[in-house]
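This report refers to the structure that appears directly beneath it.
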There are 2 protein chains.
Amino acid sequence: MDKNNQTTEERILAASKKVFHTRGFDGARMQEIANEAGVNKSLVHYYFRNKESLFKSVFEDAFGQLLTKMNEVFFSDLPIIAKIETFLHFYLDFLAMNSYLPWFILNGLHERPGQLKELMDRMQMSPQRLINRIHDQVKEELNIEIDPLHFFINMLSLSIFPFLARPLILSVLGYSPEMLGQFYEERKTKVPEFILNALKGYENYPSK
Amino acid sequence: MDKNNQTTEERILAASKKVFHTRGFDGARMQEIANEAGVNKSLVHYYFRNKESLFKSVFEDAFGQLLTKMNEVFFSDLPIIAKIETFLHFYLDFLAMNSYLPWFILNGLHERPGQLKELMDRMQMSPQRLINRIHDQVKEELNIEIDPLHFFINMLSLSIFPFLARPLILSVLGYSPEMLGQFYEERKTKVPEFILNALKGYENYPSK
DNA sequence: GTCTATATTTCGATAGAC
DNA sequence: GTCTATCGAAATATAGAC
């Protein structure tokens, strides 16, 4: 225990998150992590053998958070509409507070594919089951036939992309960070509205 | 002129695109570019002074393609619905043929913000004008009041995100590259359907 | 556990012969 | 224009004292 009531290991891990999240694997520097943690470079190697394994810790922590909650929501007993609303509410809220995570995760998967195999197994995630569950429940409760994968990807797209596009919005649209925060705040209501509207569109056709 | 009817400079540029597009700036290696072009490392420096300026050429070429077409469509004389359909059709088609571009561009903006200032000026792009144009035209023709920025970002999200998430779909969902291609193909009809459905949803409220 | 010093590797860039 | 050889600057990783 020392500064800030954290062990040295904890401070290094926290520093790693900060650096990896914003810079990715290739862009991150062990020196910057050490500085951020207020320790020497060697200590980082002492606790986490090398950059690779340190990154793995950080990556799995981030990705695990998102997967866990997703599973919770979609395998719960809620009606499908409530699931969608709950999921979006949670996701948009969580992402607004961790707006660097989407880029970090996608970039991690891009730079280092195969990062996941083990993690998925360890967490007993079965995305195919999740997708099937959505399909069945939509059919049962709303009496419409949608392609669940496209629908699921649509939800993710509308939630996640605006965070990936932050540099685009800032530089191309010339937004200030404050305006951007406001924009993300607005999406918490706009996105569910958009998605549920689209669903109603499908609903009309078969029932009339 | 030499191999493949291309000048050496052209071959180096083509090789650079291939490497930068898939690896980004940080991940790209001058050596790999040289190999890919079938020349020596020094020649790359001979034609393009350094890595930075080489990247700039590649980045501006990629981003320019997307911006130009976007401008063309949204400042045309088409009705708004046709614009949306034309835009989506073009974008989904173009991205399916250049599925690495979204990651390359967003990653480029992330790694090197400020990459754009000059380019936007040179191209006389005014995204704010484009957004305003959408707002006015939707109001005029469809008689509904939408937030044009959110709507525009929604279109981009649904078009672009699935390409950013390719590693996710491949590894998490266990898709094969063929299935992924099929998935992108399907989106050419699914995405316009989804977006126009959502618009109809808004249309109902004010008119009833 | 923590530090200083240093080894090792990788990579962008240049010098100079042809 | 194109090549070989090499420099010099990071950046990861380790050795070894305390």
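In what follows, chains carry the letters A, B, and so on, assigned in the order in which the sequence lines appear, proteins first and then strands, with residues in each chain numbered from 1. Note that this is a predicted model, so its numbers are computed, not measured. Atom set for the values below is all heavy atoms of this structure, side chains included, hydrogens, waters and symmetry mates excluded.
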Tabulate below the donor-acceptor pairs under 3.5 Å that side-chain atoms of residues 153-162 of chain B make, not counting sequence neighbours, or state none.
| residue | atom | partner | partner atom | Å |
| --- | --- | --- | --- | --- |
| B:Asn154 | OD1 | A:Arg187 | NH1 | 3.2 |
| B:Asn154 | OD1 | A:Arg187 | NH2 | 2.6 |
| B:Asn154 | ND2 | B:His150 | O | 3.3 |
| B:Ser157 | OG | B:Ile153 | O | 2.7 |
| B:Ser159 | OG | B:Met155 | O | 2.8 |

What class does the angle between the rings of B:Tyr100 and B:His21 fall in, given that below 30° is parallel, 30 to 60° is tilted and above 60° is perpendicular?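 Judged by the thresholds at 30° and 60°, the geometry between B:Tyr100 and B:His21 is parallel.
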Side chain of [X] (C-beta onward), nearest among [options]:
X: A:Lys41; options: D:dG1, C:dT4, D:dT12; answer: D:dT12
X: B:Lys51; options: C:dG12, D:dT4, D:dG1; answer: C:dG12
X: B:Asn50; options: C:dA13, D:dA13, D:dT4; answer: C:dA13

Assign A:Ala28 to base, sugar-phosphate, or nothing according to its heavy-atom contacts below 4.0 angstrom with the strands shown.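 The answer is sugar-phosphate, as A:Ala28 gets under 4.0 Å only of primed atoms, P, OP1 or OP2.
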Round to the nearest Å and state the distance from B:Tyr47 atom OH to C:dA13 atom P.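 Those two atoms, OH and P, are 18 Å apart.
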Nearest-Å distance for atom pair CE/P, residues B:Met30 and C:dG12: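 Taking atom P of C:dG12 as the reference, CE of B:Met30 is at 7 Å.
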Tell me whether the side-chain N/O atoms of [X] come closer than 4.0 Å to OP1 or OP2 in [N].
X: B:Arg29; N: C:dG12; answer: yes
X: A:His45; N: D:dT14; answer: no
X: A:Thr8; N: C:dT2; answer: yes
X: B:Tyr46; N: D:dC3; answer: no

Result of checking A:Leu67, A:Thr68, A:Asp61 against A:Gln65 for side chain to side chain contact (heavy atoms under 4.5 Å, CB included):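 Result: among A:Leu67, A:Thr68, A:Asp61, A:Asp61 is the only option passing the side chain to side chain contact (heavy atoms under 4.5 Å, CB included) with A:Gln65.
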So, for A:Phe163 and A:Phe104, is the gap between ring centers shorter than 6.0 Å?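 No; A:Phe104 has its ring centre 6.0 Å or more from that of A:Phe163.
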